[in-house]
Amino acid sequence: MKRKNTLRDLLSAGPEAEAAAQPTTARVPSGAVRAMGLSLGHLREEAQALRASIEAGDTVVELDPALVEGSFVNDRLAADSEGELRALVQSIAESGQQVPVLVRPHPDKTGHYQIAYGHRRLIAVRRLGVRLKAVVRALSDAELVVAQGKENIERRNLTFIERALFAAHLEAHGFDRPTLHAALAVQSAEMTRYLQVARSIPRAVILAIGPAPRTGRPRWLELQRLFAQPQAEDMAAQVVAGPGFRALSSDARFQRVFESLRHGGAAPEAGRFWRNPRGEPVVRIEQSAQGMRLTINERLEPEFGTYVAEQLEALYQGFRSSREGRKAR
DNA sequence: CCACTTTTCAGGAAAAGCCA
DNA sequence: TGGCTTTTCCTGAAAAGTGG
């Protein structure tokens, strides 16, 4: 099997070589690797996938990229950065497309194809106006989404909420749990959390917040719990439509929705301060999932913090009696 | 700037709940 | 009852924050 060996040589590094964590020049020119900022793990996943396809007897063909369409399930909330894409375009222009993409014959349009993984390479190749190196395999819908999921999940490119939405999309398409687990490479417990979040938080709110790359499972779960309270949807809708919301980063948008539901009203602005009459920011007020933290700057107000600590008992008594008063009314 | 602490995230195991 | 889903908890790693 000459072809098999040739292709193997192209992707010579196996998992054993990766374990050494040393870049080998046999696989892809190392300069290009560095330029693209790709992790070795990423290359390993692709190499493994391709090795698997070679072992399955697939051949690499060259296709007109115009005949290749995207998948029927969309998994991303945000497009890849232009910088990353440009680096990939440059790499392919210089050293050619080193790794083929995986496609299947289009189920409805004869002569067309649907991509399973390699979306970014497809875009890059289109820009260059060259032909697309691809492995064509007859994949079922389930196999297609599993392959597509692997492309993103194994690169760890999707945020928590993107995975959750992807899972929800797949579920809506009627895929069973085992397929979902395989597509996202997670256990059933994690899948439950994805679906729970995607089901409980209104889609419009999720889309308005966006991928929130620095917001992970705990806080999304916490937000999902907040949506159990009455009026949560209305409140969130108000926040989302509020002034300046769009201008915030995705993570800040999450934070604003989160805070507004926690406090049942207007979102406090980030990094609040209490100022003394001189206008100095003496107390920094920070809200987290755990609670509220007050940081008292004793350089600005010496011994104020000590005083506040001493007054906690009196403050608490005042807090209790104000609560009782409210209940009695 | 560096070392240390705290927070956050995500993977996974085990227990609990649900349903045919 | 057994299989599957959901909930809860624990853990290690990474990131962020803090203080000297």
Side-chain angles (χ1 to χ4, degrees), chain A residues 15 18-19 21 37-42 44-45 75-78 142 146 149-201 206 209-229 248-259 261-262 268 270-273 281-306 308-309:
Chain A
E18 291 296 348
L38 293 176
S39 70
L40 289 170
H42 174 199
R44 186 188 61 208
E45 302 302 347
D75 53 358
R76 312 247 14 192
L77 280 174
V146 169
K150 287 213 158 115
E151 177 187 22
N152 287 309
I153 301 309
E154 288 175 355
R155 279 170 55 198
R156 295 167 192 278
N157 256 357
L158 293 188
T159 67
F160 177 84
I161 196 63
E162 285 178 313
R163 291 169 197 237
L165 279 188
F166 185 42
H169 277 141
L170 296 188
E171 194 195 33
H173 272 86
F175 292 109
D176 58 10
R177 288 277 177 153
T179 304
L180 299 195
H181 297 157
L184 285 115
V186 293
Q187 292 188 337
S188 55
E190 186 73 348
M191 183 54 61
T192 298
R193 292 185 276 243
Y194 288 154
L195 296 176
Q196 214 172 38
V197 166
R199 277 197 286 255
S200 315
I201 304 179
I206 294 177
I209 290 174
R214 307 205 152 271
T215 307
R217 183 175 83 193
R219 279 185 292 160
W220 277 107
L221 285 173
E222 190 64 29
L223 182 65
Q224 170 243 313
R225 282 190 277 273
L226 290 172
F227 268 94
Q229 56 188 346
L248 297 169
S249 72
S250 182
D251 288 298
R253 291 198 291 266
F254 173 92
Q255 199 60 25
R256 182 163 290 190
V257 172
F258 185 73
E259 295 300 339
L261 294 197
R262 272 175 67 88
R272 273 189 302 165
F273 287 93
V282 175
V283 184
R284 186 165 74 188
I285 305 161
E286 293 164 289
Q287 192 71 51
S288 73
Q290 270 65 48
M292 178 177 284
R293 183 202 287 176
L294 306 179
T295 308
I296 298 172
N297 188 333
E298 292 202 316
R299 259 181 248 163
L300 296 172
E301 278 293 355
E303 293 177 52
F304 181 48
T306 314
V308 169

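Convention: sequence-line order gives letters A, B, ...; per-chain numbering from 1.
- For the pair A/L184 CG and B/dA10 P, the interatomic distance rounds to 13 Å; values are reported in whole Å.
- Evaluation of the side-chain hydrogen bond (donor to acceptor under 3.5 Å, both in side chains) rule for A/R253 yields no partner, not counting sequence neighbours.
- The salt bridge (Lys or Arg N to Asp or Glu O under 4.0 Å) test applied to A/R199 returns A/E171, not counting sequence neighbours.
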N/O-N/O pairs, protein side and nucleotides 16-20 of chain B side, under 3.5 Å:
none

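- Candidate nucleotides B/dG11, C/dT6, B/dC9 were compared by shortest atom distance to the side chain of A/P218, and B/dC9 ranks first.
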#### Entry: Stepwise side-chain contact (heavy atoms from CB on, under 4.5 Å) check, A/S188 with A/H181
CA-CA 7 Å; A/S188 55; A/H181 297 157; 3.6 Å; yes
### Task
Evaluate the side-chain contact (heavy atoms from CB on, under 4.5 Å) criterion for residues A/L261 and A/R256: first the C-alpha distance (whole Å), next the side-chain angles of each, then the deciding distance (0.1 Å), finally the verdict.
CA-CA 9 Å; A/L261 294 197; A/R256 182 163 290 190; over 6 Å; no
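- A/R225 pairs by the side-chain hydrogen bond (donor to acceptor under 3.5 Å, both in side chains) definition with A/E222, not counting sequence neighbours.
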### Task
I would like to know whether A/W220 and A/I209 meet side-chain contact (heavy atoms from CB on, under 4.5 Å); could you show each step before the answer?
CA-CA 11 Å; A/W220 277 107; A/I209 290 174; 3.9 Å; yes
Sub-3.5 Å pairs of nitrogen or oxygen atoms, protein against nucleotides 8-11 of chain C:
unit_1: C/dT8; atom_1: O4; unit_2: A/R193; atom_2: NH1; d: 3.1

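- For A/E190, the salt bridge (Lys or Arg N to Asp or Glu O under 4.0 Å) criterion is met by A/R193, A/R217, not counting sequence neighbours.
- When each of B/dG12, B/dC9, C/dT5 is scored by its nearest atom to the side-chain atoms of A/Q187, the top-ranked nucleotide is B/dG12.
- As a whole-Å value, the separation of A/L180 CG from C/dT5 P is 9 Å.
- Across every non-hydrogen atom of A/L184 and A/R163, the tightest pair is CD2-O, 3.5 Å.
- B/dA10 atom C1' lies 14 Å from atom CE of A/M191, rounded to whole Å.
- For A/Y194, the ring pair (Phe, Tyr, Trp, His ring centres under 6.0 Å) partners at least two apart in sequence or on another chain are A/F160.
- For the pair A/R177 CZ and C/dT6 C1', the computed distance is 9 Å after rounding to whole Å.
- One finds a side-chain N or O of A/R219 lying less than 4.0 angstrom from the OP1 or OP2 phosphate oxygen of B/dC9.
- B/dT7 atom P lies 16 Å from atom CD of A/E222, rounded to whole Å.
- Atoms CD (A/E190) and P (C/dT5) sit 15 Å apart, rounded to a whole Å.
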